[in-house]
Amino acid sequence: MYPSQLLKGTFQTIILKLLSKHNRMYGYEICQKVKDESQGQIQLPEGSLYPILHKMAEEGLVKMDKVNVGRRVRRYYSLTETGKTQAKFKLDEFNRFILTMNQLLSLKPFTK
Amino acid sequence: MRLKNSQIEFIESDLRQQGVLFDDLREDLVDHICSEVEQKMDGGMTFMDAYHLALQPFKKKGLPELNEDTVNILNSFTMIRSYVLLAFRNISRYKVFSAINILGLSLGMAACFIILQYVAYEFSFDTFHPSSSSVYRITDKAVREGGESFHTATTFLPLGRVASETFPEIEDYNRLYFLDHHAIVSYGNRKFEQEAVIYADANFFQFFSYDLIKGNPATVIQQLNTVAMSESAALRYFDNQDPIGKIIQLSEEFNDLTLQVTGIFKDPPPNSHLRPQMVVAMAGYENIPDVKTNEWRWPIYMTYVRLRPDANPKILEAKLPTLVAGFLSADTGITHRLSLQPLEDIHLFSALQYEIEPNGKVQFVLLLLAIAVLTLVIAYANYINLSTARSLDRAKEVGIRKTLGSNKRTLLRQFIAEAFTVNFIALALAIVLVRVFTLLLLDYAGISIEFSGYNDPVFWIGIGTVFVAGALLSSWYPALVLSSFQPVTVLRGKLPLGMGGQFLRRTLVAVQFGVSIALMIASYAIYNQLQYMRSQPLGMNIDNLVVVKGVRVDKMQKSLQVNDPFVQRVTKSGHALNASASNSVPGTWTSRISNIVRQGSEEGKNLSYNLMGADESFIETYQLELLAGRNFKTSTDTIAFSRVLVNERAASQLGYKSWDEAVNSIIEFRGRFIEIIGVVKDYHHYSLKSTIDPMLIFPIGDMPKEFYTLRIKSADEVRSSLALIEEDWKATFPDNPFEYFFLDSSFDAQYKAEVQFEKVFMVFTVLAVFIACLGLYGLASFIAQKRSKEIGIRKILGSSVRGILILLSWDFMKLILLSGIIALPLAFVGVQSWQSQFAFRDSIPWWLYLIPMVVVLVISLLTISVQTIKVALINPVEILKYD
């Protein structure tokens, strides 16, 4: 597991990427997906996930639909048009960031 | 596996308890945790274990913090919405409580707004003229040598012209003469009575901003014999024909004129002291010989001046006396003091002689305003009281949330949001109430206003201010009390009843009831004084008296005969029991004179006397009592002002020791000798608000008669008698309208202001008491509930329901007694100072002052009992079994 300081700035990018791949997801599902796809290396802290989701909804990046699941309400989040553009932008940005970090920290080239 | 509904509900309510109050977030969390729990239970865990484990990751940060973080990143609209939603839930959770709160507040607000509308209306008089703030009316105070003065709204005709020629500060001036009676206007063969006719200088429509629809403001009444009339008057005379160029005849007391209509103006707004229906050109008026000779003798013209923006009215006012001194003859013994009166002040601050209409009284308006503020204070006191009281109930919730670390700011915000929500609902309800009750209430109180409130930005600004200020003031205290609870004390369940601002709460209750008691005393005092004044013997009999107004148009001068033709005809026909002509009737003005002394004496020269002309049947008609001497005889005493009747006060003011001494003695007026032929018993010529003044009654002879007083046979025959009398009138004076009034009601109309005052007071007293009781009911029910455990134990230990009632009421009774003790002397002083304006007043016995307090005590005892008894009757087992 990576320390959370390292991950902090990446949560929104991760969520955007996941949502662009999966159409619509609910909070718990997002958590699980992140855990699965990173082979347990990355865990979205539950305490941050929901404020981020609400903030993204507020900024118009995601929209929310309610579905009743038995007695409880499931809130599905999906990307809006702005969200899709933002997802692309964030991924590009992150790619460039990694390249820069590579150069800056003189890491071994990413490709073998 | 799927969770059971009860388990989901458990999670839902536990999250709420733990501080996840934002609904959207809680929905997210419930679903998340349920999913997690389901997964864990599939792995074989018990529900509770799974739940606690699932909650762990969220607890790292703290649930209230998570809630707050989420709410804080929202934009303000969503944030406010979430607070308001929460407030609504709290409101609907305590239904009775909220209903009492909202009802009390909205009643107080509605009362306040209704009065504010009225006050705004009263202060808006004459402000519709764009230059209203620089316009002044010149008034004249004529002071006699003895110091007696006569302050009139009118002044001398040339004054405006002379003043504006002399002083550059005066930009423009306008003079007008206001006809104080109906004119008769004829068009073709139709005749109309026309009120509100004025004669004005040609620049009237430039000087004032009455809206001229047809005609040029500069020239419309420039020519001799032209007239501008209001739309409604034009409609009356000419239907839908074009009025311009039409010729009408106008007859009034002094003039018969043929006028050409040259202009039409919109009907003047009601909030104007001057609302003319017809404006006749005053062109050439100054040159009429009679007017010319008397121009500096007759102070009967309104004079308005408009000052330059930089002019100082005080300086100008100081220069006026020297200006007029040169024109006025000094030998009259009268000095004239002229002053400038702001146009905007006329309606509320002016009560002079010869006003155009009886003006409003600023004291009345301010008093109403004070009552409005008091009512609002009572309503807000209720709110604060009930909210802090309820804070006890919520103390636990607050305590829990504080231990969980919810910060003070969030709590404050939430309580303020609640206060705003409650205030807002109350406001909405109040606006509806205002709509419904404004007209009803004002109509009941006999106040007429043109209501334009909903279109008036000032009205909305006023409402907004009251709302925001009220909501903030009424929320900060409960919010502060609530958020400063010490969680430990609260959670130990040791919250004393006094907590939550007991001192403030007691003070507020005391203030509410103090105000209620004072208002009740005042209401009773007003009622009592009115009853007293109306029930005292007047020294005359005014029942079944009809007064017909004297003639206006009398080309043949028939009414000036010594033997009045109308009195003769009515007496002969027997349509009235008595008939008498006079120039004043009780309740209307008499002229006043001084310089009356006993023959050969100088003593008492400056004292004044009311002077009235009447015919020989006056005493009989009014059933006055002749104490000594004799009545006039038309045949022998008709030479005006050589013989008089005096009343008792006049006789004693003249220094006679007995009535007999007065009879046949001679008094002197400016070298003229007058014989006193009889003494009449004092009667109330004016209402009991003023003293009975010394009065001289002289035979009216061939002088103008203002009134005919007729005694009709009986109240049952009013209609038929009046019809017959009208026939007699038409036969005598065919050109004159038959205008009459009943003397008893016109005499009573002198108390109009007091009656209005009484009604307004009654309404607000009832309202204040009602709102106060509403609050008391809420408070009592709350406290009874809080102490239900104590009540249960006391019952088990043998207390009776009565004993418990006394125990619980005593707290309130003490407060009410205290507020009574403070309110009584204040009310006493208030009542005394109000009563001092009346010459005849009834003193209220001291014990009557105690009755309102007793009434309040009884009402509040009943209010408290309803709740307390309900709790006290519950079987103690029901209460105690839960502990």
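So that the names make sense, note that chain A is the first sequence line, chain B the second, and so on, each numbered from 1.
- In the model, A:Tyr28 has a side-chain atom that pairs as donor or acceptor with a side-chain atom of B:Gln39 under 3.5 Å.
- Around the NZ atom of B:Lys40, the shell of radius 6.0 Å holds more than 12 heavy atoms that belong to other residues, nucleotides or ligands.
- For A:Glu29, no part lies under 4.5 angstrom from a heavy atom of chain B.
- Annotation: residues 68-77 of chain A contacts chain B through A:Val69, A:Gly70, A:Arg71, A:Arg72, A:Val73, A:Arg74, A:Arg75, A:Tyr77 [non-hydrogen atoms, separation under 4.5 Å].
- No other option in B:Ser35, B:Cys34, B:Pro57 has as many heavy-atom pairs under 4.5 Å with chain A as B:Ser35.
- Heavy-atom proximity under 4.5 angstrom to chain B picks out nothing from residues 79-90 of chain A.
- Only the side chain of B:Ile8 comes within less than 4.5 Å of a heavy atom in chain A; its backbone stays farther off.
- Annotation: the span from A:Glu58 atom CD to B:Thr70 atom OG1 amounts to 11.5 Å, rounded to 0.5 Å.
- Within 6.0 Å of the CZ atom in B:Phe424, the count of heavy atoms belonging to other residues, nucleotides or ligands does not exceed 12.
- Aromatic pair B:His32/A:Tyr50: ring centres closer than 6.0 Å.
- Residue B:Glu36 touches chain A through both its backbone and its side chain, counting heavy-atom pairs closer than 4.5 Å.
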